[in-house]
*Asks:* 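Questions regarding the structure given below will be posed in turn.
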Amino acid sequence: MNQHRPADTPGRVGAVPALPDLPEATVARLPEYLRALHNLAETGNDTVSSEALAAAAGVNSAKLRKDLSQLGSYGTRGVGYDVALLIDQIELVLGLTQCRAVALVGVGNLGHALAGYAGFAGRGFRIAALFDADPARLGEVINGLVVRHIDELPRVAAEESIAIGVIATPATAAQSVTDQLVAAGVTSILNFAPCVLVVPDGVDVRKVDLAIELQILSFHEHRKAAFTGLPATAGPGAALGTTNGTALGGAATAGLTALPGGLAATGTTEATPAGTLRSTNAEAVSS
């Protein structure tokens with residue numbers, strides 16, 4: 001089953017070839033701009049300056065202007081960006097002008113919470129089917145949907161035109177579920193299982209690992225403690241303290257200070273030759 005939008009989709013003729021080839025980091029920021037723009041629209045703002053939009057999205061204004069220029073949106077000097085128009089442009093690029101059907105596999109604690117989350121509909125997504133292999137879960141109704149056996153995935157994926165699969169299973173089951181999703185024609189997967197998935201070329205995987213995010217925060221806590229908890233020493237150039245006889249900020253800490261200050265763990269996919277397999281893992285999105 002081909003999950004790509006047909007070229008002759010009504011109202012979208014020629015849109016697919018015209019989509020810009022954006023850097024992954026820019027794509028990762030577009031949803032933040034969109035969220036900020038929707039908030040502005042809801043509060044009655046028709047226009048917004050690049051500085052105000054950048055502040056609302058948590059980026060610097062130069063980066064925002066560069067990102068939006070790649071969409072062909074430059075704003076108007078002295079006025080800023082048209083909020084409604086920019087929402088339309090970003091939603092077009094992100095493919096949010098249609099509601100995409102999502103299949104959720106694994107309805108344990110996390111999956112149950114995801115299935116009941118009401119915020120997806122407002123962002124252009126519809127949880128269309130729930131699957132599990134646990135007999136105790138089958139037939140359970142969550143947010144109006146009946147939990148089906150995973151063996152029903154091929155039929156339901158075709159009936160519901162499933163575009164995206166969400167995996168919320170234990171790590172031991174994630175690869176098998178991935179294989180079943182791919183076999184059913186699903187070519188985009190959001191993986192919450194703490195493992196690396198192997199997928200064929202043409203399948204995009206995003207990884208969300210909450211433990212990794214906490215570990216990154218732990219790194220920042222550890223680094224802050226290293227800078228604030230070291231004993232001070234007297235003497236010129238030693239205000240930052242020393243460790244093992246080496247001034248902090250010198251060679252002994254070069255590796256520490258060289259680490260990026262704002263890591264963001266995301267599941268990006270790597271380009272591979274056609275027909276080959278590639279593994280996906282959490283990576284830092286570069287600026």
Side-chain angles (χ1 to χ4, degrees), residues 22-40 43 48-68 90 108-111 113-114 117 119 123 166-168 170-171 174 190-197 205-270 279-287:
L22 300 175
E24 188 69 24
T26 296
V27 174
R29 288 189 289 265
L30 291 182
E32 295 293 341
Y33 302 155
L34 187 59
R35 174 190 55 79
L37 288 163
H38 277 299
N39 289 339
L40 288 165
T43 54
V48 61
S49 67
S50 59
E51 290 79 10
L53 181 55
V59 302
N60 67 63
S61 57
K63 183 175 292 183
L64 177 137
R65 286 192 293 270
K66 180 179 179 181
D67 287 342
L68 297 184
I90 294 177
N109 292 334
L110 176 59
L114 292 171
Y117 178 57
R123 300 293 187 93
V166 176
I167 298 176
L190 179 62
N191 179 32
F192 282 91
C195 63
V196 175
L197 300 177
V205 176
R206 299 288 296 182
K207 180 178 173 62
V208 180
D209 192 323
L210 300 180
I212 285 178
E213 299 298 329
L214 289 172
Q215 288 169 342
I216 291 170
L217 290 175
S218 176
F219 158 77
H220 291 297
E221 286 299 308
H222 184 60
R223 185 173 65 169
K224 286 182 284 188
F227 279 108
T228 59
L230 294 174
T233 58
L240 290 178
T242 62
T243 57
N244 297 328
T246 304
L248 186 63
T253 59
L256 176 64
T257 55
L259 287 170
L263 294 176
T266 60
T268 59
T269 53
E270 301 175 1
S279 64
T280 62
N281 205 343
E283 299 177 359
V285 173
S286 60
S287 297

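Remember, it's a predicted structure, so these values are computed and weren't measured experimentally. In what follows, every heavy atom counts, from backbone to side chain, and hydrogens, waters and symmetry copies are set aside.
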*Asks:* Shortest non-hydrogen contact from A168 to F192?
*Replies:*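 Residues A168 and F192, closest heavy atoms: CA-CB, 4.3 Å.
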*Asks:* Answer yes or no: is there an ion pair linking R29 with E32, defined by an N-O contact shorter than 4.0 Å?
*Replies:*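 No salt bridge links R29 with E32.
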*Asks:* Out of curiosity, F219 CZ to K224 NZ, how far, rounded to the nearest 0.5 Å?
*Replies:*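 It comes to 11.0 Å.
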*Asks:* Mind listing the closest non-hydrogen atom pair of A36 and A56 along with its distance?
*Replies:*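 Closest heavy-atom pair between A36 and A56: CB-CB, 3.8 Å.
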*Asks:* Side chains of P31 and R35: does their closest heavy-atom pair fall under 4.5 Å?
*Replies:*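 Sidechains of R35 and P31: no contact.
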*Asks:* Quick one: CG on N109 to CG on L114, what's the gap to the nearest 0.5 Å?
*Replies:*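 The distance works out to 11.0 Å.
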*Asks:* I need the R65 CZ to S49 OG distance, nearest 0.5 Å.
*Replies:*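 It is 9.5 Å, given to the nearest 0.5 Å.
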*Asks:* Taking the side chain as every heavy atom from C-beta outward, state whether I167 and L197 have any pair of such atoms under 4.5 Å apart.
*Replies:*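 I167 reaches L197 side chain to side chain.
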*Asks:* What heavy-atom pair brings C195 and A174 nearest, and what distance separates the two atoms?
*Replies:*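 Result for this residue pair: SG-CB, 3.5 Å.
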*Asks:* Can you tell me how far apart CG (L37) and CD1 (I90) are? Round to the nearest 0.5 Å.
*Replies:*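 If we round to the nearest 0.5 Å, L37:CG and I90:CD1 are 5.0 Å apart.
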*Asks:* How long is the straight-line distance from NZ of K207 back to CG of N191, given to the nearest 0.5 Å?
*Replies:*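 With rounding to 0.5 Å, CG (N191) is 5.5 Å from NZ (K207).
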*Asks:* Name the one of D209, I212, L210 that satisfies side-chain contact (heavy atoms from CB on, under 4.5 Å) with P194?
*Replies:*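 Between P194 and the candidates, side-chain contact (heavy atoms from CB on, under 4.5 Å) is satisfied uniquely by D209.
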*Asks:* Measuring from S61:OG to L68:CG, what's the distance to the nearest 0.5 Å?
*Replies:*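 The distance works out to 11.0 Å.
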